Amino acid sequence: MKALVYHGPGERGWDSVADPAIIDPTDIVVRIDTSTICGTDLHILKGDVPETTAGTVLGHEAVGTVQEIGASVTTVKPGDRVLMSCVSSCGRCRYCKEGRYGQCLAGGGWIFGHLIDGLQAEFARVPFADNSVYKIPEGLSDEQVLFLADILPTSYEVGVLAGTVSPGDTVAIVGAGPIGLAAILTAQLYTPGRIVAIDMADSRLEGARRFGADTTINNSREDAVERVMELTGGLGADVAMEAVGVPQTFELATELIRPGGRVANIGVHGKPATLHLEKLWIRDVTVTTGLVDTFSIPQLMRLIASGRLDPSLFATHRFELGDTMSAYDTFADAANTNALKVVLCGPESTSKADAGRARATAAV
Ligand SMILES: NC(=O)c1ccc[n+]([C@@H]2O[C@H](COP(=O)([O-])OP(=O)(O)OC[C@H]3O[C@@H](n4cnc5c(N)ncnc54)[C@H](O)[C@@H]3O)[C@@H](O)[C@H]2O)c1
Ligand SMILES: [Zn+2]
Ligand SMILES: [Zn+2]
């Protein structure tokens with residue numbers, strides 16, 4: 001089969017590799033119908049994730065069709081359409097039993113395209129299938145559910161739920177990339193009073209408004225703290241989310257918060273950030289961190305099925321799966337291409353229909 005293979009820092013190829021096969025009885029083999037690329041894949045390509053070794057197939061988000069099942073798999077069968085989560089769960093260890101799948105002690109967690117071969121490929125081996133894939137309800141297209149693999153549950157669990165967004169809240173979100181935008185989208189499930197998006201790129205702030213932000217602040221030329229204080233009568237935001245992953249934006253999120261408020265850090269940090277306890281302790285501020293668990297996939301999938309959550313705006317570009325190399329170029333050049341998520345369509349992908357539907361909606 002063909003797959004996108006990491007060859008060490010800066011090097012990738014669309015290569016012929018061995019077809020995946022069942023290894024453990026809890027495995028399945030899936031034909032990939034629709035896949036996508038994540039900012040984390042770009043980090044791996046830069047060499048920022050040293051545990052990913054050369055020769056690994058990248059990708060941790062996809063929809064596919066079950067081809068073959070291991071001897072102990074009982075909940076899916078060949079022919080079923082399934083969503084693969086970026087996080088796998090053994091279902092049996094202490095953390096998996098608590099729904100904390102990201103911390104799985106038995107070989108689950110974030111493994112696809114990281115520790116084992118991933119999902120930007122024609123086929124994939126999927127471990128712990130009974131606990132790690134989600135059957136797609138009749139009537140939902142690949143693209144409607146694809147972003148449930150990573151960005152939607154990440155922003156919902158680590159941002160909205162950890163920050164306990166409540167009706168009427170002022171929610172400030174620092175960073176309006178796919179993660180910040182998914183936070184804007186899923187925060188609306190809790191009817192906040194106002195969503196404020198903060199980014200240094202005007203194109204990202206335009207996106208934020210399309211996704212439902214009420215106020216946008218470009219912090220390369222405006223003082224974000226001053227603006228948020230003005231908007232909130234001098235108190236600060238009830239919830240501040242960090243969706244970038246650099247010290248400066250974490251520190252900004254802790255300056256935007258009102259006494260008694262919640263700072264939910266979503267960004268992945270490579271460098272230490274300063275926690276100004278000397279200022280925060282007296283203000284009753286809660287700070288949360290987290291790796292996504294994806295326990296919320298079934299809940300978010302029901303919201304998509306009922307039409308209350310529509311992630312279709314994320315899909316800005318579509319490529320044939322065989323053209324994944326160009327898709328990487330487009331995704332990596334988001335400043336010029338305005339790419340949010342690039343959709344990779346295998347021969348059986350329903351995404352061509354999605355593209356048609358998107359055009360029809362745009363025309364209305
Ligand atoms: N916690 C988790 O489980 C989890 C899962 C997935 C991704 N993430 C992390 O979430 C973060 C965001 O991901 P993404 O894909 O949206 O990233 P992205 O790079 O596409 O977007 C980041 C945004 O931040 C903006 N930005 C950069 N510096 C800024 C600054 N100083 N002030 C304001 N805005 C600034 C950029 O313009 C961009 O729009 C990353 O750190 C990613 O690794 C975390
Ligand atoms: Zn990801
Ligand atoms: Zn486990």
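None of the values given here were measured: they were computed from a predicted structure. All residue numbers refer to positions in the sequence shown, counting from 1. Just the heavy atoms: all of them, side chains too, but no hydrogens, waters or symmetry mates, feed the values below.
Taking the six-membered ring for Trp and thresholds of 30 and 60 degrees, Phe314 and Phe211 have ring planes inclined between 30 and 60 degrees apart.
Using a 3.5 Å distance cut-off with no hydrogens or angles, the side chains of Glu206 and Asn338 do not pair a donor with an acceptor. Thr216 and Arg209 are linked by a side-chain donor-acceptor pair at a separation below 3.5 angstrom, with hydrogens and angles left out of the test. A donor-acceptor contact closer than 3.5 angstrom is absent between the side chains of Glu61 and Thr36. For the residue pair Asp24 and Thr26, no side-chain donor N or O sits within less than 3.5 Å of a side-chain acceptor on the partner. Under 3.5 Å, the side chains of Glu242 and Thr249 contain a donor-acceptor pair of N or O atoms. Donor-acceptor pairing under 3.5 Å is lacking for the side chains of Thr337 and Asp333.
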> Should Ile136 and Val82 be marked as a side-chain contact (heavy atoms from CB on, under 4.5 Å) after you check the CA-CA gap, both sets of side-chain angles, and the distance that decides it?
Replying inline: CA-CA 5 Å; Ile136 299 171; Val82 290; 5.6 Å; no
> Between Phe112 and Ile116, does a side-chain contact (heavy atoms from CB on, under 4.5 Å) hold up when you go through it step by step?
Replying inline: CA-CA 5 Å; Phe112 284 129; Ile116 67 167; 4.0 Å; yes
> side-chain contact (heavy atoms from CB on, under 4.5 Å) between Ile198 and Ile173: does it pass, once the steps are laid out?
Replying inline: CA-CA 6 Å; Ile198 302 166; Ile173 298 171; over 6 Å; no
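Judged by distance alone, the side chain of Arg262 and the main-chain N or O of Thr164 form a donor-acceptor pair under 3.5 Å. A distance-only check finds no donor-acceptor pair linking the side chain of Asp238 to the backbone of Gly261 [under 3.5 Å]. Looking only at distances, a side-chain donor or acceptor of Lys341 sits under 3.5 Å from a matching main-chain atom of Ile37. Counting only distance, with no hydrogens or angles, the side chain of Ser72 and the backbone of Pro25 share a donor-acceptor pair below 3.5 Å. Without hydrogens or angle criteria, Gln67 side chain to Val29 main chain gives no donor-acceptor distance under 3.5 Å.
The side-chain heavy atoms of Phe128 and Ser89, taken from C-beta on, include no pair separated by under 4.5 Å.
In this structure, Asp169 does not pair ionically with Arg258, as no charged nitrogen and carboxylate oxygen lie closer than 4.0 Å. Asp19 has no carboxylate O lying under 4.0 Å from a charged side-chain N of Arg31, or vice versa, which leaves the two without a salt bridge. Look at Arg125 and Asp27 and you find a salt bridge, because one of the NZ, NE, NH1 or NH2 atoms lies within 4.0 Å of a carboxylate O, short of that distance.
Once rounded to the nearest 0.5 Å, the distance linking CD1 of Ile195 with CD of Gln188 reads 4.5 Å. Between the OG1 atom of Thr186 and the CG atom of Leu300 there is a distance of 7.5 Å, given to the nearest 0.5 Å. Rounding to the nearest 0.5 angstrom, the gap separating the CG atom in Leu313 from the CZ atom in Arg210 is 6.5 Å.
The two residues Ala124 and Ile32 have their closest heavy-atom pair at CB-CD1, 4.1 Å. Heavy-atom minimum distance, Gly99 versus Asp293: O-CB, 3.4 Å. Taking all atoms of both residues into account, the shortest heavy-atom contact from Arg194 to Thr215 is CD-OG1, 4.0 Å. Between Pro259 and Leu235 the shortest heavy-atom distance is CD-O, 3.7 Å. Listed here is the closest heavy atom pair of Lys97 and Gly91: CG-O, 4.1 Å. Considering all non-hydrogen atoms of both residues, Tyr134 and Asn131 come closest at OH-O, 4.3 Å.
Exactly one of Thr65, Asp142, Asp33 qualifies for a side-chain hydrogen bond (donor to acceptor under 3.5 Å, both in side chains) with Arg81. That residue is Asp142. The only member of Val126, Val66, Asp130 that meets side-chain contact (heavy atoms from CB on, under 4.5 Å) when paired with Val73 is Asp130.
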